[in-house]
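Step one of this worksheet: look at the structure below.
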Amino acid sequence: MDIVILAVVIAVVVLGALGGLIVGSRRKKQLPPPPPAAPDITAPPAEPHVGDEAETPREEPRRTIEEVDLPDGSAPVVVEEPPAEAPEIEIPEPTAGRLVRLRTRLSRSQNALGKGLLTLLSREHLDEDTWEEIEDTLLTADVGVLPTQELVERLRERVKVLGTRTPEGLRTLLREELVTLVGPDMDRVVKTEPEDRKPGIVMVVGVNGTGKTTTTGKLARVLVADGQSVVLGAADTFRAAAADQLQTWGERVGAHTVRGPEGGDPASVAFDAVKEGKEMGANVVLIDTAGRLHTKTGLMDELGKVKRVVEKQAPVDEVLLVLDATTGQNGLVQARVFSEVVDITGIVLTKLDGTAKGGIVVAVQRELGVPVKLVGLGEGADDLAPFEPEAFVDALIGE
């Protein structure tokens, strides 16, 4: 019996020891890993306290918004630009008798022709050599071969029949023959007022360098001075700043300018100018075409296209060819080619006060069969004048 009790005690002790080992191993497995080292954290700024923890506010000096000075440059300074002022409208000089007023300027470069002829005619003996010199003088002045021969023949006949030898008599005789040669009976009115409609349409053509755009602007001044309202069509879209130049001329006299993009279709601009002229009730539409070289056939064809497109709205009343009077016979070549493309109705001679020779007036009229209607006598805005044969001849031969 004692042996049984001892065995039971030993078994209990063994079982208790085994249970303790098992529990200890389990506790070792469930222990959490050691915590990592805490990083250095900067404490956030203390938040303002509220409620019971709030501090009693302290009295501080305060300024009104008017007393606060803003630092320099803290706000952009807005500079208001003054509104653009419209250009002052100029009142052009009246056109009546303008060529007479400009006679002195014209005569500066033309007296060589008139005085040369008077000197030759005043010789005591008018032999064949003298008449040949008279012919040479006229040819040098770009009068042309046929007109020169006609003038010399008439002079020879009248001097022989009348026996005129006094300076005053010779001057009167020469004046009469030159006026006849220039053509006093030709219609030199720039047709801008058709009876059955408005506006009148004027195309201005010519090669580069003749002063075509400037002439268009000056012509606008002439028409405004005569009481007409004008619309300008800047159809010279290929020359840089041509539209700007024409618009400046228009703004000076209150003329509206129609323009298109640079390098655009000239015919489209011309079409729009006529359309706007109709809508505005303008008296005249002036169309400044590109200064196309007379040797470029394709460009000349395009000029014809501009005229055809415009005539889809209304007939063109005037086609004015601008010629540089100093180019002489080369100007006649230009005139001939332009007349084949568009029907030239009138001629504008520019730079007639420089080194030009007055005989070009006669020659170009004979070449085209159309009159010189306007002449440019300088760089001034009002130096474009309606051509008057008598005043022109008086300037040629002097007083």
Side-chain angles (χ1 to χ4, degrees), residues 84-110 188-190 192 199-200 202-236 239-259 273 277 282-289 291 318 320-326 346-356 361 372-388 391-392 395:
E85 296 182 0
E88 183 178 353
I89 303 299
E90 300 177 7
I91 301 176
E93 178 184 348
T95 59
R98 183 179 289 187
L99 186 59
V100 176
R101 295 193 297 274
L102 300 174
R103 182 186 302 174
T104 302
R105 183 175 303 168
L106 177 62
S107 64
R108 291 174 187 170
S109 59
Q110 306 300 331
R188 303 182 188 277
V189 177
V190 179
T192 58
V202 179
M203 283 182 60
V204 183
V205 302
V207 302
N208 288 326
T210 59
K212 177 178 51 56
T213 300
T214 299
T215 297
T216 305
K218 290 183 178 181
L219 179 56
R221 295 179 66 89
V222 170
L223 296 173
V224 170
D226 290 339
Q228 301 189 51
S229 57
V230 178
V231 170
L232 297 172
D236 186 355
R239 184 170 64 86
D244 292 338
Q245 181 183 359
L246 189 64
Q247 184 168 353
T248 299
W249 278 102
E251 289 174 349
R252 291 178 180 176
V253 292
H256 176 63
T257 302
V258 178
R259 53 189 298 178
N283 297 112
V284 188
V285 174
L286 297 179
I287 302 173
D288 176 33
T289 61
E318 286 275 6
L320 298 177
L321 173 63
V322 180
L323 294 176
D324 184 340
T326 64
I347 302 161
V348 182
L349 281 177
T350 63
K351 307 178 186 178
L352 200 57
D353 65 326
T355 59
V361 172
V372 172
K373 294 190 173 184
L374 298 163
V375 289
L377 301 170
E379 299 298 329
D382 293 319
D383 287 344
L384 185 71
F387 184 75
E388 302 169 19
F392 177 73

Step-by-step side chain to side chain contact (heavy atoms under 4.5 Å, CB included) determination, Gln245 to Asp236: CA-CA 11 Å; Gln245 181 183 359; Asp236 186 355; over 6 Å; no

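- The closest side-chain heavy-atom distance from Asp382 to Arg221 is below 4.5 Å.
- Between Val361 and Phe387, the closest side-chain pair of non-hydrogen atoms falls below 4.5 Å.
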Verdict with supporting geometry, Val322 and Val204, side chain to side chain contact (heavy atoms under 4.5 Å, CB included): CA-CA 7 Å; Val322 180; Val204 183; 3.5 Å; yes

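- Once rounded to the nearest 0.5 Å, the distance linking CG of Leu352 with CG of Leu374 reads 12.0 Å.
- For the pairing with Leu349, the side chain to side chain contact (heavy atoms under 4.5 Å, CB included) check across Leu377, Asp324, Leu323 returns one residue only, Leu323.
- The minimum heavy-atom distance linking Pro199 with Ala282 is given by the pair CB-O, 3.1 Å.
- Judged by distance alone, with hydrogens and angles left aside, the side-chain atoms of Thr214 form no donor-acceptor pair with the main-chain N or O of Gly211 at under 3.5 Å.
- Nearest approach of Ala220 to Leu232, heavy atoms of both residues: CB-CD2, 4.0 Å.
- Contact check for Leu320 versus Leu219: side-chain heavy atoms found under the 4.5 Å cut-off.
- In this structure, CZ on Arg188 lies 9.0 Å from CD1 on Ile347, to the nearest 0.5 angstrom.
- Here CG of Asp226 is found 8.0 Å from OG1 of Thr192. Values are rounded to the nearest 0.5 Å.
- Although no hydrogens or angles enter the test, the distance criterion places a donor-acceptor pair under 3.5 Å between the side chain of Thr350 and the main chain of Thr210.
- Between the OG1 atom in Thr216 and the CG atom in Leu246 there is a gap of 6.0 Å [rounded to 0.5 Å].
- Using modelled atom types and a 3.5 Å distance limit, the side chains of Asn283 and Ser229 yield a donor-acceptor pair.
- Residues forming a side chain to side chain contact (heavy atoms under 4.5 Å, CB included) with Gln247 (at least two apart in sequence, or on another chain): Glu251, Thr257, Arg259.
- With rounding to the nearest 0.5 Å, the separation of OG1 in Thr289 from CE in Met203 is 5.5 Å.
- Comment: Asp383 does not engage Lys218 in a salt bridge, judged by the lack of any side-chain N to carboxylate O separation of less than 4.0 angstrom.
- A donor-acceptor pair under 3.5 Å links the side-chain atoms of Lys373 to the main chain of Val189, judged by distance alone.
- Gly233 and Ala273 get closest at one heavy-atom pair: CA-CB, 3.7 Å.
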Leu223 and Leu286: CA distance, side-chain angles, deciding distance, side chain to side chain contact (heavy atoms under 4.5 Å, CB included) verdict: CA-CA 10 Å; Leu223 296 173; Leu286 297 179; 4.0 Å; yes

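- Rounded to the nearest 0.5 angstrom, Thr215 OG1 and Trp249 CH2 are separated by 9.0 Å.
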